[in-house]
Amino acid sequence: MPLILETIVTTVAADGAVHLVPFGLIQDGEDFWVAPFRPSPTIANLEAVPFFAAAVPADIRVIAGCVTGRRDWATVPCRAIPVPRLAEAYGHMELQVVEVRDDPVRPRFRGRVMQAHAHRPFLGHNRAVNAVLEAAILSTRLHMLNPETVLAELHHHRIAVEKTAGPAEREAWNWIAAKVVAALPQAAAASLVVDDA
Ligand SMILES: Cc1cc2nc3c(=O)[nH]c(=O)nc-3n(C[C@H](O)[C@H](O)[C@H](O)COP(=O)(O)O)c2cc1C
């Protein structure tokens with residue numbers, strides 16, 4: 001199995017509208033594939049404007065926000081491609097689509113890295129950030145997964161949030177917890193929420 005990097009991918013539509021969404025980039029040598037499930041605005045955008053930026057968010061609320069209806073995050077222009085990137089990022093890559101593999105379920109776009117840049121120091125791993133990342137992914141798959149399994153995994157991840165989160169990570173976690181509580185109204189879902197303090 002190849003390495004997958006979880007990133008914030010930006011694309012633009014033919015009319016210039018920016019679309020920002022979390023995607024796992026699949027490494028293939030020096031290239032990275034982006035593989036959106038249909039239907040997805042990202043597919044039409046990449047067909048119209050075959051470039052994308054992939055950023056590592058410096059605030060995990062960007063990933064949690066994108067999967068809970070909060071997509072209005074600041075972007076700034078890229079250097080080599082006509083697509084902006086997430087502004088608050090540890091780093092980003094600028095990629096050009098060099099191959100398309102069409103598929104009725106999940107087409108794939110091979111991105112060739114034109115430039116890669118670091119923007120701020122990465123000072124340490126944080127377990128709550130990883131927990132929010134896992135929870136965000138789970139929250140996009142609620143319709144495919146067994147609710148008991150999802151809740152068991154989320155209660156496990158919640159421990160890291162309780163122990164290691166700062167205010168931003170707690171807020172991000174609670175956005176996802178609220179989404180899960182709304183989708184899975186079992187008693188066990190309600191206790192996913194963490195205190196704001
Ligand atoms: C970390 C992370 C990685 C994701 N990776 C993918 C992916 O590779 N392909 C995909 O279709 N959805 C992925 N998703 C789910 C999409 O972000 C989510 O379904 C989004 O709403 C789809 O965006 P779009 O349809 O507006 O383009 C991922 C979600 C998260 C949180």
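Since this is a predicted model, take the numbers as computed values, not measurements. All ligand and atom numbering here is 1-based and tracks the order in the structure.
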Identify the residue among V49, L46, T11 that makes a side chain to side chain contact (heavy atoms under 4.5 Å, CB included) with V97.
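Result: among V49, L46, T11, L46 is the only option passing the side chain to side chain contact (heavy atoms under 4.5 Å, CB included) with V97.
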Short side-chain donor-acceptor distance under 3.5 Å, T68 and K179:
no
Hey, are E153 and H155 close enough side-chain-wise for a donor-acceptor pair under 3.5 Å?
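Checked: H155/E153 side chains show no N/O donor-acceptor pair below 3.5 Å.
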Which residue supplies the protein heavy atom nearest to [atom], what is that atom called, and how far is it?
atom: atom 17 (O) of ligand 1; answer: P22 O, 2.7 Å
atom: atom 21 (O) of ligand 1; answer: R71 NH2, 3.0 Å
atom: atom 7 (C) of ligand 1; answer: F23 CD2, 3.2 Å
atom: atom 20 (C) of ligand 1; answer: V21 CG2, 3.4 Å
atom: atom 9 (N) of ligand 1; answer: A35 O, 3.0 Å
atom: atom 3 (C) of ligand 1; answer: E6 OE1, 3.2 Å
atom: atom 8 (O) of ligand 1; answer: R106 NH2, 3.1 Å
atom: atom 11 (O) of ligand 1; answer: F37 N, 2.8 Å

Kindly compute the distance separating CD1 (I176) from NE2 (H157), expressed to the nearest 0.5 Å.
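Answer rounded to 0.5 Å: 10.5 Å.
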Determine whether the side chain, the backbone, both or neither of [X] has a heavy atom under 4.0 Å from any heavy atom of ligand 1.
X: L133; result: side chain
X: T42; result: both
X: C66; result: neither
X: E134; result: neither

Salt bridge R38-D102, side-chain N to carboxylate O under 4.0 Å:
yes
Can we say R120 and E88 salt-bridge, meaning some charged N sits less than 4.0 Å from an Asp/Glu carboxylate O?
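Yes, R120 and E88 are salt-bridged.
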Going by the order shown, which atoms of ligand 1 are within less than 4.0 Å of some heavy atom of [X]?
X: P41; answer: 24 (P), 25 (O), 26 (O), 27 (O)
X: S40; answer: 24 (P), 25 (O), 27 (O)
X: A136; answer: 31 (C)

Check the hydrophobic clustering (I, L, V, M, F, W, Y; side-chain heavy atoms under 4.5 Å; chains of links allowed) and say if [X] and [Y] are grouped together.
X: L133; Y: V161; answer: yes
X: V21; Y: W175; answer: no
X: V100; Y: F52; answer: yes

Using a 3.5 Å cut-off on N or O atoms only, is [X] in polar contact with ligand 1?
X: G24; answer: yes
X: R141; answer: no
X: V67; answer: no
X: P36; answer: no
X: H19; answer: yes
X: T140; answer: no

Apply side-chain hydrogen bond (donor to acceptor under 3.5 Å, both in side chains) to H19 and R71, showing your working.
CA-CA 8 Å; H19 191 65; R71 288 210 187 172; 3.2 Å; yes
Sidechain-backbone polar pair: R85 side chain, V9 backbone, donor-acceptor under 3.5 Å
no
Which of parallel (below 30°), tilted (30 to 60°) and perpendicular (above 60°) describes F122 and Y90?
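Taking Y90 first and then F122, their aromatic rings stand perpendicular (interplane angle over 60°).
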Apply side-chain hydrogen bond (donor to acceptor under 3.5 Å, both in side chains) to H92 and H117, showing your working.
CA-CA 6 Å; H92 84 281; H117 299 282; 5.2 Å; no
